[in-house]
Amino acid sequence: MIISLDKLNRRETDKLDLNFSQKIDTINYCDSTYKLTSPINVEGKISNTNKGLYIDVNVNFTLMDNCSRCLDEVEVPVNYDIQGFLVKEDFDEDSFEDDDAFIYDGQEVNLLDIIEQTIDFNLTSQVLCDEDCQGLCPGCGANLNKEECSCDETANDEEIIDPRFAKLKDLFKND
């Protein structure tokens, strides 16, 4: 997803319209790699302003993640806007205090790098396969959405207690 900024840098044009889709297999986010199930769609523009090159694009795609409760794979739609200035590595941070700044090499910008930098602000912290997901049984690990847990039938009080809290049980004994 490399975009040439040559025409903007030479001032042949004031803006570069972006409207494309590109199939990418994976994307990196928080030191993890996620599989994408749809192409990355990009729509927007990069404009030449008095302050520099300004990027204003909308990105949307779908990625695979695991449900936070039952660990089943879930397709997660992602749709958000990226707005900020494209700056060179030695930029003055004070002049871009109120805006996002994305570093580029001067001749081209890799939109995939910018998407990977901004995705962590735009994903939900807890992915669920369903609002009513029952999760996994803490005793046997059964997926409670798909099967009944047999822990209740076979367990007695001694088996259910977490060993880290077993001593606390003695506090409540009536001798």
Side-chain angles (χ1 to χ4, degrees), residues 1-136 141 143 145-146:
M1 297 186 86
I2 307 243
I3 307 296
S4 174
L5 302 173
D6 195 37
K7 288 185 178 182
L8 287 171
N9 288 334
R10 287 186 285 151
R11 302 230 180 241
E12 290 178 17
T13 184
D14 288 336
K15 70 177 182 172
L16 187 63
D17 290 319
L18 305 174
N19 189 1
F20 63 91
S21 293
Q22 186 168 346
K23 178 73 175 134
I24 305 258
D25 293 329
T26 60
I27 194 165
N28 296 317
Y29 161 65
C30 286
D31 298 328
S32 297
T33 301
Y34 292 90
K35 179 182 170 198
L36 296 180
T37 60
S38 75
I40 295 178
N41 301 307
V42 176
E43 187 175 332
K45 63 185 175 185
I46 300 175
S47 306
N48 218 338
T49 67
N50 293 345
K51 206 171 174 182
L53 297 178
Y54 187 77
I55 184 168
D56 183 6
V57 296
N58 174 269
V59 295
N60 65 68
F61 53 92
T62 305
L63 59 81
M64 292 298 289
D65 200 355
N66 293 330
C67 175
S68 297
R69 293 183 189 161
C70 69
L71 303 179
D72 281 349
E73 281 194 331
V74 180
E75 284 192 352
V76 180
V78 180
N79 184 356
Y80 66 96
D81 294 324
I82 298 173
Q83 297 172 329
F85 283 94
L86 300 176
V87 296
K88 296 188 179 171
E89 202 163 330
D90 58 345
F91 74 101
D92 179 22
E93 291 181 27
D94 293 335
S95 55
F96 296 100
E97 190 175 302
D98 297 331
D99 299 300
D100 288 335
F102 306 105
I103 296 175
Y104 77 109
D105 71 2
Q107 297 303 316
E108 56 191 24
V109 63
N110 187 343
L111 280 181
L112 188 58
D113 289 345
I114 294 176
I115 291 169
E116 288 176 348
Q117 290 173 28
T118 56
I119 192 173
D120 49 334
F121 301 114
N122 297 289
L123 279 183
T124 58
S125 59
Q126 185 178 38
V127 174
L128 297 177
C129 61
D130 184 31
E131 284 295 320
D132 298 326
C133 178
Q134 297 177 24
L136 301 175
N143 185 339
N145 298 318
K146 297 178 181 176

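Both backbone and side-chain heavy atoms feed into the values below; hydrogens, waters and symmetry mates do not.
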**Pair listing, side-chain hydrogen bond (donor to acceptor under 3.5 Å, both in side chains) test, anchored in residues 110-123, at least two apart** =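 Checked against side-chain hydrogen bond (donor to acceptor under 3.5 Å, both in side chains) - neighbours excluded - the pairs reaching residues 110-123 are Y80-T118.
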How long is the gap from [atom1] on [X] to [atom2] on [Y], to the nearest 0.5 Å?
X    : Y    : atom1 : atom2 : result
Y104 : I2   : OH    : CD1   : 14.0 Å
L63  : I119 : CG    : CD1   : 5.5 Å
L53  : K88  : CG    : NZ    : 8.5 Å
N58  : I82  : CG    : CD1   : 8.5 Å

Show every donor-acceptor pair shorter than 3.5 Å between a side-chain atom in residues 18-34 and any protein atom, with sequence neighbours excluded, or say none if there are none.
{"from": "S21", "atom 1": "OG", "to": "N41", "atom 2": "OD1", "distance (Å)": "2.3"}
{"from": "N28", "atom 1": "OD1", "to": "T33", "atom 2": "OG1", "distance (Å)": "2.9"}

Indicate yes or no for a side-chain donor-acceptor contact from [X] to the backbone of [Y] under 3.5 Å, with no hydrogens or angles considered.
X    : Y    : value
D105 : E108 : yes
S38  : T62  : yes
T13  : K15  : yes

**Message:** Assess the residue pair L136 and R69 against the criterion (side chain to side chain contact (heavy atoms under 4.5 Å, CB included)); give the C-alpha distance rounded to whole Å, side-chain angles, the decisive distance to 0.1 Å, and a yes or no.
**Reply:** CA-CA 7 Å; L136 301 175; R69 293 183 189 161; over 6 Å; no
**Request:** Identify, with sequence neighbours excluded, every residue that meets side chain to side chain contact (heavy atoms under 4.5 Å, CB included) alongside E12.
**Result:**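 Side chain to side chain contact (heavy atoms under 4.5 Å, CB included) check on E12 returns K7, R10.
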**Request:** Tell me, please, which residues at least two apart from N145 pass side chain to side chain contact (heavy atoms under 4.5 Å, CB included).
**Result:**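 N145 satisfies side chain to side chain contact (heavy atoms under 4.5 Å, CB included) with C70, C129, C133, Q134, N143 only.
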**Request:** Tell me, with the steps shown, if V76 and F61 meet side chain to side chain contact (heavy atoms under 4.5 Å, CB included).
**Result:** CA-CA 9 Å; V76 180; F61 53 92; over 6 Å; no
**Item:** Any residue meeting ring pair (Phe, Tyr, Trp, His ring centres under 6.0 Å) with Y54, in chain and number order, not counting sequence neighbours
**Value:**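 Only F85 meet the ring pair (Phe, Tyr, Trp, His ring centres under 6.0 Å) criterion with Y54.
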**Message:** Please determine whether side chain to side chain contact (heavy atoms under 4.5 Å, CB included) holds for the pair V78 and N60, giving the CA-CA distance in whole Å, both sets of side-chain angles, and the decisive distance to 0.1 Å.
**Reply:** CA-CA 5 Å; V78 180; N60 65 68; over 6 Å; no
**Asked** Sequence neighbours excluded, which residues qualify as side chain to side chain donor-acceptor pair (under 3.5 Å) partners of D17?
**Response**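 Checked D17 against side chain to side chain donor-acceptor pair (under 3.5 Å); zero matches.
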**Prompt:** Got a sec, which residues hit side chain to side chain donor-acceptor pair (under 3.5 Å) with D65, two or more places apart in sequence or on another chain?
**Reply:**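 None.
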**Asked** Considering all heavy atoms of both residues, which atom of L112 and which atom of M1 are nearest to each other, and what is their separation?
**Response**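 Answer, listing the atom of L112 first, then M1: N-CB, 3.9 Å.
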**Asked** Which pairs count as salt bridge (charged side-chain N to carboxylate O under 4.0 Å, His left out) when at least one residue sits in residues 36-52, sequence neighbours excluded?
**Response**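 Qualifying pairs, neighbours excluded: K51-D99.
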**Asked** What pairs meet the salt bridge (charged side-chain N to carboxylate O under 4.0 Å, His left out) rule with one or both residues in residues 72-83, with sequence neighbours excluded?
**Response**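 Applying salt bridge (charged side-chain N to carboxylate O under 4.0 Å, His left out) to every pair that reaches into residues 72-83, excluding sequence neighbours, yields D72-K146.
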**Prompt:** For the side chain to side chain contact (heavy atoms under 4.5 Å, CB included) test, which of I3, I114, V42 pairs with V57?
**Reply:**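 The passing option is V42.
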**Asked** Only one of I103, L5, I55 clears side chain to side chain contact (heavy atoms under 4.5 Å, CB included) with V109; which?
**Response**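 Checked I103, L5, I55 against V109; only one passes side chain to side chain contact (heavy atoms under 4.5 Å, CB included): L5.
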